[in-house]
Every structure is written in C-alpha cells, then in structure tokens.
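Heavy-atom basis, side chains included; hydrogens, waters and symmetry copies ignored. Below, read A as the first sequence line, B as the second, and so on, with proteins coming before strands; counting in each chain starts at 1.
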Amino acid sequence: MEAEVDKLELMFQKADSDLDYIQYRLEYEIKTNHPDSAGEKNPVTLLKELSAIKSRYQTLCARFKPVAVEQKETKSRICATLNKTMTMIQELQKQTDVELAPLTEEEKTAADYLK
Amino acid sequence: SSDLERLCSHVNEKISNIKKTLSLRNCGQEPTLKSMLHKIGDEIIVVNELLNKLELEIQYQEQTNSSLKELCESLEEDYKDVEHLK
Amino acid sequence: TLKGDVNILLDKARLESQESIGFIKAAKVMMK
C-alpha cells in the first residue's frame, strides 16, 4: 500500500514539475519571439504586471479600510468629548452666574459642522 | 479529501496559467493583437499612476488619523480640566 | 474594471480627507 502511495506521490511531483517546465518554455518562447522594447512589452510581461497591479490594489484596499474605520471612531470620540465638555461648561455657567460671551458665528458654524 | 482538493486546485491553476500563456503565444505577432497589447500596456501605466495617487492619499489619511488622535487627547485633557474646575 | 475600482476608491479617500480637514478645523475652533 505504502509503495503505491509513494508511487502516486512521485507521479504528482513529476506532473507538477512538467507543468512548471511547460510554463517556463512557453514564456521563454514568447519572450524570445517578442522581446520587450521601449514602447512594446511582451504578453508575458504584461500578464505579470497585470497581476502585480491587482495585488497592489488589494494591498492598498486592505490598508485603507482600517484607517477609514479608525478615523470615524476618533471623530465620534471627539464629538462626544466636545459635547460633554460644553454641557459641563454650561452647568458651571449656571452655578457661578458667570455670563459667557455667546458663540461667535465661526463657533456656531463649527458646532453645526461637528453635529 | 481537503488535501486532495488543494492539490487538485494547485494543478488546475497551473494548467489554466499555461492555457492563458498559450493563448498569448501568437498575440505578439498579429498586428491587431499587437495594438491591443500596446493599449493594455498603456492602461497598466495609467492604473499604476492611479495606484500611486491612492497610496499618497492613504498616507495622508494615516497622518490625518494621528492628528485627529492628538486632537482627541487634548480635548479629553480639556474635559478633565473643566471637570476639575467643577 | 480595476481602473474603475481604483478611481472609486481614490475619490472616496479624497472625500474622506476633505471631510477630515473640515472636521479638524471645526474642532479646533470649538477648543479655542
């Protein structure tokens, strides 16, 4: 039984290396028949470049998503902190009867923007 | 069976790559396909430039993230001050 | 297409950046 398994394994390995060799010879033939020149790239080079830009896009996507999520979280934390600070200042204002100047236009716009 | 399935997909992937390369074999010779190759080459350059811009934008986003965090920390300090005042 | 996807993500990233700039400005005004 074990001998059969070893034999099968060898066959798979041979098939695998045969496939690699076929791919290598094909690419070599295309590169030879169609060498890269300044303006012209051969199909194999283009195929490799295509898969390179696809994987680069995937990498940038994976990098962008957590940054965007983190940004949203930080913004909501800022808003929450600002709100509770403003509430507390208003409470202080009541307790101390100190009149604070009303919000300027700029501050109103900013408050609206943050809301 | 999962090993066998993995082995199978491994071999199939190699076969499909060979088929793809075979289909490209004559591509470089025929004028119409040659111009298509040329277009693809140009498109790859354009997409690479877009990806460069995207990478810069993501770097900028990462910097913005850190300044937002700094802002958040100083706001929380302010809040503590007001709380202390109260 | 890949080019279309990259353009969409690029536009989205730019929009988020602009929003963040506005947000930071507004927060700094409120902090003052």
Exercise. Which value, rounded to the nearest 0.5 Å, describes the distance between Q61(B) atom CD and E16(C) atom CD?
Worked result: 5.5 Å
Problem set entry | E13(B), CD atom: more than 12 neighbouring heavy atoms under 6.0 Å | no
Seminar exercise, completed: Given L50(B), N65(B), V47(B), L75(B), the one with more heavy-atom pairs under 4.5 angstrom with chain C than any other is L50(B)
Exercise. Given F23(C) and T64(B), is the side-chain contact (heavy atoms from CB on, under 4.5 Å) satisfied, shown in steps?
Worked result: CA-CA 11 Å; F23(C) 184 90; T64(B) 308; over 6 Å; no
Problem set entry | Segment of L10(C) engaging chain B (4.5 angstrom heavy-atom cut-off) | both
For this session: Report the distance from atom CG of L9(C) to atom NZ of K53(B), rounding to the nearest 0.5 Å.
Result: 14.0 Å
Exercise. How far does CG of N7(C) sit from CG of L54(B), to the nearest 0.5 angstrom?
Worked result: 9.5 Å
For this session: Output all residues satisfying side-chain contact (heavy atoms from CB on, under 4.5 Å) with E83(B), sequence neighbours left out; order by chain, then residue number.
Result: M88(A), Y79(B)
